[in-house]
Structure formats: C-alpha cells, structure tokens
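Down below is the structure, laid out as structure tokens.
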Amino acid sequence: MPTRHDIRNVAIVAHVDHGKTTIVDAMLKQAGAFAAHQQLDDRMMDSNDLEREKGITILAKNTAVKYHPKDGGAPITINIIDTPGHADFGGEVERGLSMVDAVVLLVDASEGPLPQTRFVLRKALQQRKPVILCINKTDRPDSRIDEVVNETYDLFLDLDADEDQIEFPIVYACGRDGIASLTKPEDGTVPADSTNLEPFFSTILEHVPAPTYEEDAPLQAHVTNLDADNFLGRIALLRVEQGELRKGQTVAWIKRDGTISNVRITELMMTEALTRKPAEVAGPGDICAVAGIPDIMIGETLADPENPIALPLITVDEPAISMVIGTNTSPLVGRGGTGKGADAKAAVKDRKVTARQVKDRLDRELIGNVSLRVLDTERPDAWEVQGRGELALAILVEQMRREGFELTIGKPQVVTKEVDGKVHEPVERMTIDVPEEHMGAVTQLMGVRKGRMDNMSNHGSGWVRMEFVVPSRGLIGFRTEFLTQTRGTGIAHSIHEGHEPWFGPLQTRNNGSLVADRAGSVTAFAMTNLQERGVLFVDPGTEVYEGMIVGENSRSDDMDVNITKEKKLTNMRSSSADSFEAIVPPRKLSLEQSLEFCRDDECVEVTPEAVRIRKVNLDARERARAASRAKNG
C-alpha cells in the first residue's frame, strides 16, 4: 500500500498532571512554531479558563509541528493530540485515539503508572496502537526510574498486550526544561547527553507508522470533534482516511442514522502550531477542519458522492453518575449574590433563569460532548444529566454558571443497570497514596463505603499505596472527608472498573444540617450563639431564606435555627462594655464540595455569584410531616 512519509499522527496520553501539556509546549517551541519575539504562556494548549484555573486538561485538542530532520530531508508534519488525564473526560480520549496511528504514554518518574494511566493505555491497546513510553520529570528528587519502567511493563502484561506492543521504545525526558534522551539518567537528574527534544522527535518518526492508503480509493473522512466559529458557524474536525478533500468540493454526508445527503465544503483549514490556516486540499492521514455543514455530528462520515462508504461510529463508555439539573426555584432567584440591592440589578437582565434557556444549553452541550446524556424527568423544568463522573458534571455546571445561568442541582446518583434480573451498580478502582500514619484512618473510611482492598505496597519511603474496589456511590462525598482525615496529604485517584451487584445501603455522612427557619439577613449575634452547635457556612450580612442550609450540625439529625436573630437593645446603660466573642470564620464550600455535602432531601442552588445548599422542600412543617409519614410507613 502507498504510504505518506511527510506526516505522522500521534496522541499524548497520561495520568492527570504527569506533564502532557508541558511537553507539547516544549515541542512547539523547539520545532520553531513561534517567532523569537512572541510572548508565550505556560501550558499553551490549555486555552479554556477552567483548564487554567484547575491546572487540568478537559478538552482534547490538536496541534501540528513542522519538524525539519537534521539530515536536511523534507520537513515532516507531526500532528499531536493532547488528551485529558481524567477518566471523567474519557469520551475525549476515545475520540483523540481515533485520529492517530500511535500513542506516547507519559509516566511520572516518581509516581509511576496510576489509575488513569491504566485507563488511557487500555483504550490505546484495545485499538492496537503502537506505544512509545516517555518517562517524564526525571529531575524530581524522589524519582525512581527503574522501578517505574518495571511497573509499566507489569501494567502492559496486566492489560494483555501482545508481543509487538510490549517491545516499546523508552525515552527519558524533563518536559519543563525541554530535554529528552534515549539513555537512562541517574535518579533525580536531567538527561546529561542531550540539550533538546531531538531524541524524542526522532523516536516518534521512527516508531509512529506513517499513514497508509489505497491508490484511487473513494473519499472517506471521519468526524472526530466539533468546534464553533462566529464567522464560519460549526466547524468539524476530520481525519481523512482515503482519497482527497478539497475546498469547494461536493461530498456525501453519511449521518448517524444511515441517511445520506450531498453538501459542499465552503472552507477547509489545516492546523499549524496553535492556529488554523486556510488550505486547498487535504490528503489521506491529514487532520483538517471543514465548515459549511451546520448540523454535522461526531462519528459521522464524509464520503465520495459516487461511492459513499461509511466509517464505523465512535463508541464511548456508558455513563456512571447522574444529576438532576433544573431551573432555580429558590426565593432569591434572579436577585444577585447578596439577594438585595441595586448592585445586582445590572447583572439581572443577562441572567438565564427559564426552562427553555436551560434546555437549549444542555442540547448545545450534547453536540460536542459524546459521553453525556440528557433525559427528561416528570417535571418540565428539570432534566437528568448522565456523565462519566462527578467532576465532568461539576465542570458542566461551572461553565453554565459562568454564562449567567441560575440552576438547581440534585444530589449526584449512580446509574444502575439490570443484569440477569439483579440490579448492578458501577464500581471504581481507587488508588490511594498516603503517609503510613494515616493508613488506619483511610482503611476505616473505605470500610464504611463498602470498599474492598485489592492490593497494598510500601516503597519504604514512608508512603503506602493501597488499591480498593469500591462502589461509585461510596465515592460521592469521599474526597472532602479523605483530605480532612489525611490532613491534606493524601492523593486519591479512581477509574471506572465495570458493574457489580448492588452493595446495599451506605451511610456516608454522619452529621445533620443546620437549616434556617425564616428569611432575613445573618447577624453576628445569632452566629456567636450557633457556632457551638456545629460548623457554619455563611458570613454575617448574607441573605438567607427558610429551608436554606447554613451549616453542618454536630449531631446526626437536622436542626432548624434562627440565624437572623438580633440583639435586643434596652435603654439601660451597661456597666461594662459588651463582651465581644470572636466569630469562627465560616467554612466556604466550593461547587464540588456542596454537591458532595448534599443528602437525598437536599439540593444545591447555583447562581453566577453564589452557591447555596437548601432543602428540596423549603417548608419546615411539610418536611416534618414527610419525615413522620416515612417513619410510620
């Protein structure tokens, strides 16, 4: 078969925070993608605000570098796909792998292979992609290069890799300094026999297969991602498998349901570094972007109108977690962060508070996010959104909040399925690294959540690594408690492991809530009296309403409290000045922490300025009646 030697397509996969985006930065700089005077940011590929804030990659992105071989040969285009490391964004990884011919597996020289390394590697091996192993961050003082390489070999054997896949080349790198080498450096040092990424580039050229194609085959191009442009409308990212795609050409668009219609390519673009440049033609193996097809979806095929042959649809894993997202139904809807005052009025007109706006936004999200599902509920203003994990759903809510939406979000639930007449629930494999002294506390924490320990290893460095299989239900609300128990030192990562029979009831939160029993403003006087009862979540002056949760009770049941109580003034002069008690600073909960804190009868109110937790039923008498009915059956 003929081969295109001027192009290579490779994806960089790794566990979260092992340095994928940093090494792509170094590749772009060293391949001369930028002018000398250009001002460059760190992690250029993480272009989304949320990605920069959280320091993680959420969306798979592609870039292209022109590599000029040292022997003076013709320049070679290397298309690089930067994929997320979180299993929650697994749909992005699966799509990224469908565009490439090989993967670079990046592993931290100290941490070794972690759960998401297993997840992304499993996907690559299932698709029979060749692998290049890159041991990154060799300069870490606690690096243990030989052990990490052996652990990676064990992981390949665990995942049933065949002989060809196990014979992988190894590159040692320090992505931050832009240095790579094929010879193993000493632990904790930067490779000494190299000053750039040249060995890494040459390994990619040698081991990533060049795209092959059939002579005179009809056009076939696979849609792997979508983007939008204010001027061009919807843009489809394609990999051309066979034939040629030209600007202005009429092609057959094969939809998901098998129907075919002819469309014209109005714009064709190819990626160079971080920008898209107009192009006239794209050949086999090229990754390009096209405009002119307004309703095109991921997984569909563009083909020759004379001979349309569809490519297989992209399949992604089933969702594991669901949340009900609806319009904001609280008394403070549309009233800004404080709930009062003229400062909020200007922002109110841009608020999105109607059911139609929320539904339109969820439908738009479905276009580009293949791992998400939106189902109707019995209420017309709420929808069940299913996704891979809590983080993926929390990111969606955070993006909507920043766009001006006001939402009510239910407690995250697991998506169950029936196998042979029995209910099965999703389980996760959890890898936990903790200092030895916290081992007992973590084991106890996992025991309550029905976790089953599979493996435990001690590297002799004072840290223990434990592996548990635990129901996904047990991990909702786990991270906050885990960080408290390990004094912020523990590291926990999990991946979806499949489905197992229902584990039975789980009790994850022992403490009840402090619930405001009337509307008003929080007073410092009331807070001083209430802070002995538990931990408060609100500042003095915050507007509250009946049924809003203002703190965590120190006991297991809920308590209705008056947090708006004011000090009664008298006309008697006090012989001594008022004794001022210090108010304990309130615990501020982020969106993720609020979702974790929720019980079944609670939900989270999300507005652009504030995140509040409230009871689903705001009326205290109604709640008391419902509780007594449930008690008496």
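FYI, the numbering just counts along the sequence from 1. Computed from a predicted structure; not experimentally measured.
- Qualifying side chain to side chain contact (heavy atoms under 4.5 Å, CB included) partners for Leu157, counting only residues two or more places apart in sequence or in other chains: Ile166.
- Ion pair Lys411/Asp601 not flagged as a salt bridge, since none of the NZ, NE, NH1 or NH2 atoms sits closer than 4.0 Å to an Asp/Glu carboxylate oxygen.
- Ion pair Arg373/Glu384 not flagged as a salt bridge, since none of the NZ, NE, NH1 or NH2 atoms sits closer than 4.0 Å to an Asp/Glu carboxylate oxygen.
- Looking at Val65 and Phe201, their side chains come closer than 4.5 Å, going by heavy atoms from C-beta outward.
- The residues Glu425 and Arg473 are annotated as salt-bridged, a charged nitrogen and a carboxylate oxygen being separated by less than 4.0 angstrom.
- Sorted by first and then second residue, the pairs that involve residues 188-211 and meet salt bridge (charged side-chain N to carboxylate O under 4.0 Å, His left out), not counting sequence neighbours, are Lys70-Glu198.
- Between Asp420 and Lys422, no side-chain nitrogen of the basic residue sits less than 4.0 Å from a carboxylate oxygen of the acidic one, so the salt-bridge criterion is not met.
- The two residues Ala26 and Gly178 make their nearest non-hydrogen contact at CB-CA, 3.9 Å.
- The minimum heavy-atom distance between Ala109 and Val148, with the atom names listed, is O-CG2, 3.3 Å.
- Between Arg144 and Glu151, at least one side-chain N (NZ, or NE/NH1/NH2) sits under 4.0 Å from a carboxylate O, which counts as a salt bridge.
- Counting all heavy atoms, side chain and backbone alike, Ile170 lies closest to Leu182 at O-CD2, 3.9 Å.
- Listed here is the closest heavy atom pair of Leu197 and Ala180: CD2-CB, 3.7 Å.
- For the side chain to side chain contact (heavy atoms under 4.5 Å, CB included) test with Gln593, the passing option among Leu595, Leu591, Leu589 is Leu589; the others fail.
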